[in-house]
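Some notes on the structure that comes next.
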Amino acid sequence: MFLGDYHTHTKYSDGKGSVKENAFAAKARGLKEIAVTDHGFHLFRKGLKKYLRLKADCEEASAQTGVKVIAGAEADVFSLQGELDLSEKELAAVDYLVAGFHKFAPPKSCSDFFKMYFVTFFNGLLPTSKKAKERNTAALIAAVKRYPIKVLAHLNHSLKADVGAVAKACAEKGVLVEINAKHLKDFCGQWEALAKSGALFVVNSDAHKPRDVGALNAAFEKAVQEGIDPSRIVNYCGE
Ligand SMILES: [Zn+2]
Ligand SMILES: [Zn+2]
């Protein structure tokens, strides 16, 4: 059983369902909480208006379903300095902040794009160089240290990084390292480093469709099988 799913998307960005549909899906799976964390570069394109609508939808869905629906956003780490693509004002408005690298999000500058993504543009065809991995690791650690991030999303997915070093920085700052149900393969060969990092974890669906909200069992079982103690997975609340 899980308390909640803290990384879900709706039509407010690139998801297919509404906030209410995600909340009903969570209820059907027995969850008590969900966070709606649509992409910041969709949500804040024209200021705070859209986010405030999402927030009102979350309140309404909470009242209708009895599931606590938390309004949030997923920010992109969009520069090598580890900056997030949200302004101070936007960050202050967001109740639940998830962050990670996204190759489809607009980077801060051409130079950031080149250094972050050009080298891995043909994903799978070119191996990530040692130097690129070091740059990515430094950017994520800087973001973790600087911002009030609750969950570091899909570590090692869009861009490769030193998983152990980033997870250690998360442990020091109290940021949860996500076990993302969609991107488990990115932790292949990294589970030992994660287990040793001292970090706490959260299993999330990263659902883009209501039917995927709360589908967390397979990811949880894989993490435990790979040596992560269930007591370190904060949204797991026993059989
Ligand atoms: Zn993401
Ligand atoms: Zn996401």
Side-chain angles (χ1 to χ4, degrees), residues 2 4-19 21-23 25-26 31 33-45 50-51 54-55 57-58 69-79 82-86 90-91 94-108 112-113 116-117 120 123 136-137 139-141 143-144 147-161 163 166-167 170 175-187 190 201-216 218-219 235:
F2 299 91
D5 182 351
Y6 300 92
H7 184 172
T8 72
H9 294 270
T10 70
K11 286 177 193 161
Y12 278 104
S13 65
D14 57 351
K16 297 272 183 279
S18 64
V19 170
E21 285 170 322
N22 277 17
L31 302 185
E33 298 184 353
I34 54 162
V36 178
T37 53
D38 279 302
H39 295 285
F41 61 93
H42 282 272
L43 272 180
F44 298 107
R45 214 173 261 163
K50 203 169 169 183
Y51 180 76
L54 178 144
K55 210 169 153 152
D57 279 8
C58 288
V69 186
I70 304 160
E74 182 175 18
D76 180 46
V77 177
F78 80 152
S79 80
E83 291 159 284
L84 297 186
D85 63 344
L86 302 186
E90 290 157 1
L91 282 166
V94 168
D95 299 327
Y96 197 95
L97 182 63
V98 172
F101 284 130
H102 295 89
K103 58 183 153 211
F104 53 81
K108 189 176 185 193
D112 286 308
F113 171 76
M116 292 165 79
Y117 291 103
T120 47
N123 217 358
N136 301 337
T137 302
L140 288 178
I141 291 175
V144 162
Y147 295 100
I149 297 168
K150 293 261 199 296
V151 175
L152 187 72
H154 43 63
L155 170 57
N156 217 32
H157 176 58
S158 280
L159 292 173
K160 299 298 166 199
V163 167
V166 177
C170 288
V175 174
L176 299 171
V177 175
E178 181 178 70
I179 296 162
N180 187 303
K182 285 195 176 146
H183 302 302
L184 284 175
K185 280 188 187 148
D186 298 301
F187 282 163
Q190 306 292 334
F201 303 92
V202 59
V203 188
N204 286 328
S205 68
D206 199 357
H208 284 67
K209 293 179 194 125
R211 69 160 184 256
D212 294 333
V213 171
L216 307 174
N235 57 338

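For ligands, and for the atoms within them, numbers begin at 1 and follow the listed sequence. Everything quoted here is computed from the prediction, not taken from an experiment.
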Going by atom types alone, do H208 and D14 pair a side-chain donor with an acceptor below 3.5 Å? yes
Where the Zn ion (ligand 2) is the centre, what is the OD1-to-OE1 angle for D206 and E74, rounded to 10°? 170°
With under 30° as parallel and over 60° as perpendicular, where do the rings of H183 and H154 fit, or are they tilted in between? perpendicular
Does a side-chain N-to-carboxylate-O contact under 4.0 Å join K11 and D38? no
Compute whether any side-chain donor of one residue and acceptor of the other, for T10 and N22, lie under 3.5 angstrom apart. no
D76 near the Zn ion (ligand 1): N/O/S under 2.8 Å: no
Report the atom name of the nearest N/O/S atom of H102 relative to the Zn ion (ligand 1). NE2
Parallel under 30°, tilted from 30 to 60°, perpendicular over 60°: which one fits the rings of Y6 and Y96? parallel
Does the shortest distance from the Zn ion (ligand 1) to an N/O/S atom of H39 fall below 2.8 Å? no
Under 2.8 Å: N/O/S of H154 next to the Zn ion (ligand 1): yes
